[in-house]
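Taking it in order: structure first as structure tokens, then the write-up.
Because only heavy atoms are used, hydrogens play no part in the values below, and waters and symmetry mates are left out as well, while side chains stay in. All figures in this text were calculated on a predicted structure; none of them were measured in a lab.
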Amino acid sequence: MALFADLEHEDFELIHKPILEINKFSGETLYNQGEEGQYLYTIRSGVVKLTQYLPDGGQRIVRLLRQGDIVGLETLVSPVYEHFATVLRDAELCQIPRDVVERLNKETPRLHSQLLSRWHVAVQRADEWLTELSTGSSKSRVARLVIGLSDKNDQTCHLFSREDLGAILGVTTETTSRIIAEFKRDGALKDKGKNHFWADLERLETIANQNN
């Protein structure tokens, strides 16, 4: 449904390779940067991180993908994957052969329209990522990330490791740990165990909008 929601019955007759439902656990790799892009993946549950490595050996998480997102979309215009895709939170995915998507893209305008929409969403999210998580003080960026990861209904938040949080924000692990500890002391976060927190979203919004 994430990718083929607009297709009609006759469109599915063009699919001649199996689309598999797979399960991946936290820490498992979907693919590596530079590998031939044989599959696209739609996420039914869980979280996948896209990582690029820097010349100095450091890493930067350039995007988080969640339920309904598509992983490996770039293989429709490039023969290889552009990132390292790793599961951050246990995931259920649909593994779709690239050949299937390419054929449908050529033969049915319904999928072509859906793909254009997906590209637009991907560009929008990349812009938001750069704006929200790469600008401002370290403290305000951590606050924005926590807000983005929080469930707005019950104000709970499941954070990742301090290393991953640092790689998302482009700050050191020590800086991330110090800021999270400060949020806990000030009551902006209340520890519920195993990286689960209750988040005071109003207080975090104030921090996120601070310039220093």
Side-chain angles (χ1 to χ4, degrees), residues 2 23-30 43-54 56-71 83-93 121-212:
N23 293 286
K24 292 284 187 177
F25 299 102
S26 178
E28 288 194 79
T29 299
L30 282 182
I43 303 176
R44 300 186 65 185
S45 65
V47 180
V48 174
K49 66 177 179 179
L50 300 182
T51 307
Q52 288 185 331
Y53 284 87
L54 306 174
D56 63 3
Q59 61 171 310
R60 187 74 190 267
I61 297 173
V62 297
R63 207 168 310 146
L64 297 179
L65 301 177
R66 290 176 270 195
Q67 184 181 41
D69 286 331
I70 300 172
V71 190
H83 311 93
F84 295 87
T86 311
V87 176
L88 260 183
R89 197 174 295 159
D90 294 355
E92 294 181 0
L93 309 107
V121 169
V123 170
Q124 278 186 317
R125 289 188 177 176
D127 287 347
E128 290 170 2
W129 188 278
L130 285 171
T131 302
E132 294 187 7
L133 303 182
S134 298
T135 59
S137 68
S138 298
K139 190 174 179 179
S140 66
R141 281 185 276 161
V142 173
R144 290 178 203 141
L145 179 58
V146 173
I147 292 168
L149 295 175
S150 295
D151 185 321
K152 304 306 184 290
N153 294 318
D154 60 10
Q155 294 186 232
T156 58
C157 178
H158 185 164
L159 297 182
F160 309 115
S161 71
R162 302 297 181 264
E163 291 82 3
D164 279 328
L165 293 177
I168 291 170
L169 298 168
V171 300
T172 65
T173 301
E174 292 75 14
T175 298
T176 308
S177 298
R178 174 179 55 78
I179 294 171
I180 294 295
E182 182 179 341
F183 286 174
K184 290 164 66 175
R185 286 195 305 273
D186 293 345
L189 289 176
K190 293 182 180 178
D191 202 333
K192 297 172 69 71
K194 295 184 178 179
N195 270 345
H196 278 83
F197 297 89
W198 176 85
D200 185 335
L201 297 180
E202 186 174 342
R203 183 177 297 188
L204 288 167
E205 284 281 2
T206 300
I207 297 170
N209 292 324
Q210 293 174 347
N211 294 323
N212 49 55

Value for CD (E205) from CD (Q210), rounded to nearest 0.5 Å, stands at 11.5 Å
Return yes when atom CD of Q124 has more than 12 non-hydrogen atoms of other residues, nucleotides or ligands closer than 6.0 Å, and no otherwise.
yes
Within this structure, what is the CD-NZ distance for the pair Q155 and K190, rounded to the nearest 0.5 Å?
10.0 Å
CA sep, side-chain torsions, deciding dist, call: F197, T156, side chain to side chain contact (heavy atoms under 4.5 Å, CB included):
CA-CA 6 Å; F197 297 89; T156 58; over 6 Å; no
Residues which pass side-chain contact (heavy atoms from CB on, under 4.5 Å) with A199, listed by chain and number, not counting sequence neighbours
V146, S150, L189, L201, L204
Any side-chain heavy atom of R178 within less than 4.5 Å of one from V142?
no
Looking at side-chain heavy atoms only, is the closest gap between Q52 and R60 below 4.5 Å?
no
Over all atoms of both residues, closest heavy-atom pair of S140 and G136
OG-C, 3.7 Å
Going through the checks in order, is the salt bridge (charged side-chain N to carboxylate O under 4.0 Å, His left out) test met by R125 and D69?
CA-CA 11 Å; R125 289 188 177 176; D69 286 331; 2.4 Å; yes
With V48, which of L64, I43, L88 fulfils side-chain contact (heavy atoms from CB on, under 4.5 Å)?
I43
I need the minimum non-hydrogen distance between D151 and N153, along with the two atoms involved.
OD1-N, 2.7 Å
Rounded to the nearest 0.5 Å, what separation is found between the CD atom of E182 and the NZ atom of K139?
3.5 Å
Determine whether a donor-acceptor pair (N or O, by modelled atom type, separation under 3.5 Å) exists between the side chain of Q67 and the backbone of R44.
yes
Pair D164, L159 - check side chain to side chain contact (heavy atoms under 4.5 Å, CB included), show working.
CA-CA 9 Å; D164 279 328; L159 297 182; over 6 Å; no
In chain order, what residues pass the side-chain contact (heavy atoms from CB on, under 4.5 Å) check against S138, with sequence neighbours excluded?
R141, V171, T175, I179
Please identify which of these residues, I61, N195, V47, meets the side-chain contact (heavy atoms from CB on, under 4.5 Å) condition with F160.
V47
Taking R162 for its side chain and T173 for its backbone only, find out whether a donor-acceptor pair lies under 3.5 Å.
no
Who are the ring pair (Phe, Tyr, Trp, His ring centres under 6.0 Å) partners of F84, not counting sequence neighbours?
Y53
Got K152 and I147 here, is their nearest side-chain heavy-atom distance under 4.5 Å?
yes
Interatomic distance, H83 atom NE2 to K49 atom NZ [nearest 0.5 angstrom]
13.5 Å
Quick one: which of T176, T51, L145 gives a side-chain contact (heavy atoms from CB on, under 4.5 Å) with I168?
L145
For the residue pair R66 and L149, establish whether any side-chain heavy-atom pair is separated by less than 4.5 Å.
yes
